[in-house]
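The next block holds one structure in the form of structure tokens; read it before the comments.
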There are 2 protein chains.
Amino acid sequence: MTKNLATEELADQLHSAAIRLLRLVRVQDAASGIAPARLSALSVIVFGGPISLRDLAKAEQVRPPTMSRIVDALETQGLARRRIDQKDRRAVLIAATKKGATLLKQGRKRRVKFLASYLSRLDRVELSLIADALGAIQRALQPR
Amino acid sequence: MTKNLATEELADQLHSAAIRLLRLVRVQDAASGIAPARLSALSVIVFGGPISLRDLAKAEQVRPPTMSRIVDALETQGLARRRIDQKDRRAVLIAATKKGATLLKQGRKRRVKFLASYLSRLDRVELSLIADALGAIQRALQPR
DNA sequence: GTCATCGATTAGCTATGCTAATTATTCTCT
DNA sequence: AGAGAATAATTAGCATAGCTAATCGATGAC
């Protein structure tokens, strides 16, 4: 049982680090001029490709009506477009426009560069410790 | 310059991992019955101790009026209490009640146990890779 | 002691979350 | 094939959470 306790302690620290990390980079999002929920949804469609409203809502952990309105706003801002799914005409497929993809990627870049500026405090050895851990973290977080 | 590019690549992966991690554990918060903004503010006062409304707003990256209403709700739910700062009677000090601290810690526990259940897929070696990286990550994220 | 400044709140707006109800399409089943 | 159930999205209406501007009381500067 000692092992389980140690795993929980590790989970706790990893969890706290993730919170602090995202709190830190979130400051950069103001520069994008897009509201947070819209930015987050846009990131799913930019990196994941066209997706139904239902699946997008699931990915963002919100209900379909909420996502419907967020997509309304993205369309109004010219960042995404709906089209009817010809395989199931009840459904709608949501895709990013070129403008949406560009904006999202710029914002992501700002966040990443900002985070990188913090990582640059570390020496070569510390950076490779992180690189080595990332594979394990990614594997652990796979959906089951 | 190769080094800077590598650091950015690392930052990108770390950033994505943090997003996925928090998206994963967030599902557990529904069980707490507390709205997200309130839960997040509560966590700051539980772990950081009494704090002024202004500083709490800063910590949560919101404006004072927003935080004032969140604290209203926390007080109504019996999770936090305001008291006047006797060193500066304009200011207010916000502290968690016992109930608030208990609830927050239970919620945190749920998140951490849930994350730990994912980490338990990893073997001893992978877990120590993460443990070794955490120190470096924590150091990098220190406010400057 | 007066006046500017500062912390918190109130008022009023927009955005984002929800459930319930509606509409259109698809699926099931005889 | 057609009736009815199930499903995808939207609309309506509510609560929560974000903002700025304006206000009130306490503090600080001079």
Side-chain angles (χ1 to χ4, degrees), chain A residues 22-23 26-45 50-95 107, chain B residues 22-23 26-45 50-95 100 103 107:
Chain A
L22 292 184
R23 229 174 245 236
R26 201 168 64 205
V27 175
Q28 296 299 309
D29 290 350
S32 77
I34 310 177
R38 296 172 191 176
L39 206 53
S40 186
L42 185 58
S43 119
V44 173
I45 63 182
I51 185 175
S52 76
L53 189 132
R54 192 161 200 83
D55 289 345
L56 180 53
K58 210 167 291 176
E60 287 294 89
Q61 296 177 31
V62 300
R63 302 290 169 180
T66 299
M67 188 50 68
S68 190
R69 261 185 326 185
I70 291 172
V71 173
D72 285 349
L74 289 175
E75 277 197 317
T76 300
Q77 294 184 276
L79 305 174
R81 252 195 290 278
R82 283 172 169 98
R83 68 168 195 275
I84 291 176
D85 182 349
Q86 291 305 335
K87 297 187 188 70
D88 179 349
R89 304 214 328 286
R90 290 168 300 184
V92 102
L93 287 178
I94 299 146
Chain B
L22 292 185
R23 228 173 247 238
R26 200 169 63 206
V27 175
Q28 297 297 310
D29 290 350
S32 78
I34 311 177
R38 296 173 191 176
L39 204 55
S40 185
L42 184 58
S43 119
V44 173
I45 62 183
I51 185 175
S52 76
L53 190 132
R54 190 163 201 81
D55 289 344
L56 181 52
K58 210 168 290 176
E60 288 293 271
Q61 296 177 30
V62 300
R63 302 291 169 177
T66 299
M67 189 50 68
S68 189
R69 261 187 326 184
I70 291 172
V71 173
D72 285 349
L74 288 175
E75 277 196 317
T76 300
Q77 295 184 274
L79 305 174
R81 251 194 292 277
R82 284 172 168 99
R83 67 168 196 275
I84 291 174
D85 182 349
Q86 291 306 335
K87 297 186 188 70
D88 179 350
R89 303 216 329 287
R90 289 170 300 184
V92 101
L93 287 178
I94 299 146
L103 240 88

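Within every chain, numbering begins at 1; the chains are lettered A, B, ... in the order of the sequence lines, protein sequences first and strands thereafter.
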Below 4.0 angstrom from OP1 or OP2 of dC6(C), is there any side-chain N or O of Arg54(B)? no
Quick one: is Ser68(A) getting a side-chain N or O under 4.0 Å of the dT10(D) phosphate, OP1 or OP2? yes
Which of these, Leu53(B), Val71(B), Asp85(B), Leu56(B), sits in a side-chain contact (heavy atoms from CB on, under 4.5 Å) with Val92(B)? Leu53(B)
Rounded to whole Å, please give me the gap between CD in Gln86(A) and P in dT25(C). 11 Å
Just the rounded figure in Å: distance from C1' of dG7(C) to NZ of Lys58(B). 11 Å
Spacing between Arg82(B) atom CZ and dA8(C) atom P, to the nearest angstrom: 10 Å
Rounded to whole angstrom units, what separation is found between the CD atom of Gln77(A) and the C1' atom of dT14(C)? 13 Å
Would you tabulate the nitrogen or oxygen pairs shorter than 3.5 Å linking the protein to nucleotides 17-20 of chain D?
residue : atom : partner  : partner atom : Å
dA17(D) : OP2  : Arg38(B) : NE           : 2.8
dA17(D) : OP2  : Arg38(B) : NH2          : 3.2
dG18(D) : N7   : Arg69(B) : NH2          : 2.5
dG18(D) : O6   : Arg69(B) : NH1          : 3.2
dG18(D) : O6   : Arg69(B) : NH2          : 3.0
dC19(D) : OP2  : Arg63(B) : N            : 2.7
dC19(D) : OP2  : Thr66(B) : OG1          : 3.0
dT20(D) : OP2  : Arg63(B) : NE           : 3.4

Check: Arg23(A) main-chain N/O paired with Gln61(B) side-chain donor or acceptor under 3.5 Å: yes
Does the pair Asp72(B)/Arg82(B) count as a salt bridge with the N-to-O cut at 4.0 Å? yes
Rounded to the nearest Å, what distance is computed from the CG atom of residue Asp88(B) to the P atom of nucleotide dG7(C)? 8 Å
Let me see the working for Arg81(B) and Ile94(B) under side chain to side chain contact (heavy atoms under 4.5 Å, CB included), right down to the final yes or no. CA-CA 6 Å; Arg81(B) 251 194 292 277; Ile94(B) 299 146; over 6 Å; no
Side-chain heavy-atom pair Leu93(B), Ile84(B) within 4.5 angstrom cut-off: no
Residue pair Arg38(A) / Gln77(A), side-chain heavy-atom distance below 4.5 Å: yes
Tell me: CZ of Arg83(A) to P of dA8(D), nearest whole Å? 18 Å
Rounded distance in Å - CG (Asp72(A)) to P (dA12(D)): 12 Å
May I have the step-by-step check of side chain to side chain contact (heavy atoms under 4.5 Å, CB included) for Ser32(A) and Leu39(A), ending in yes or no? CA-CA 9 Å; Ser32(A) 77; Leu39(A) 206 53; 3.9 Å; yes
Hey, which of these two, Arg90(A) or Met67(B), hits DNA chain C nearer its 5' end, going by closest nucleotide? Met67(B)
Rounded to whole Å, please give me the gap between CG in Leu53(B) and P in dT10(C). 11 Å
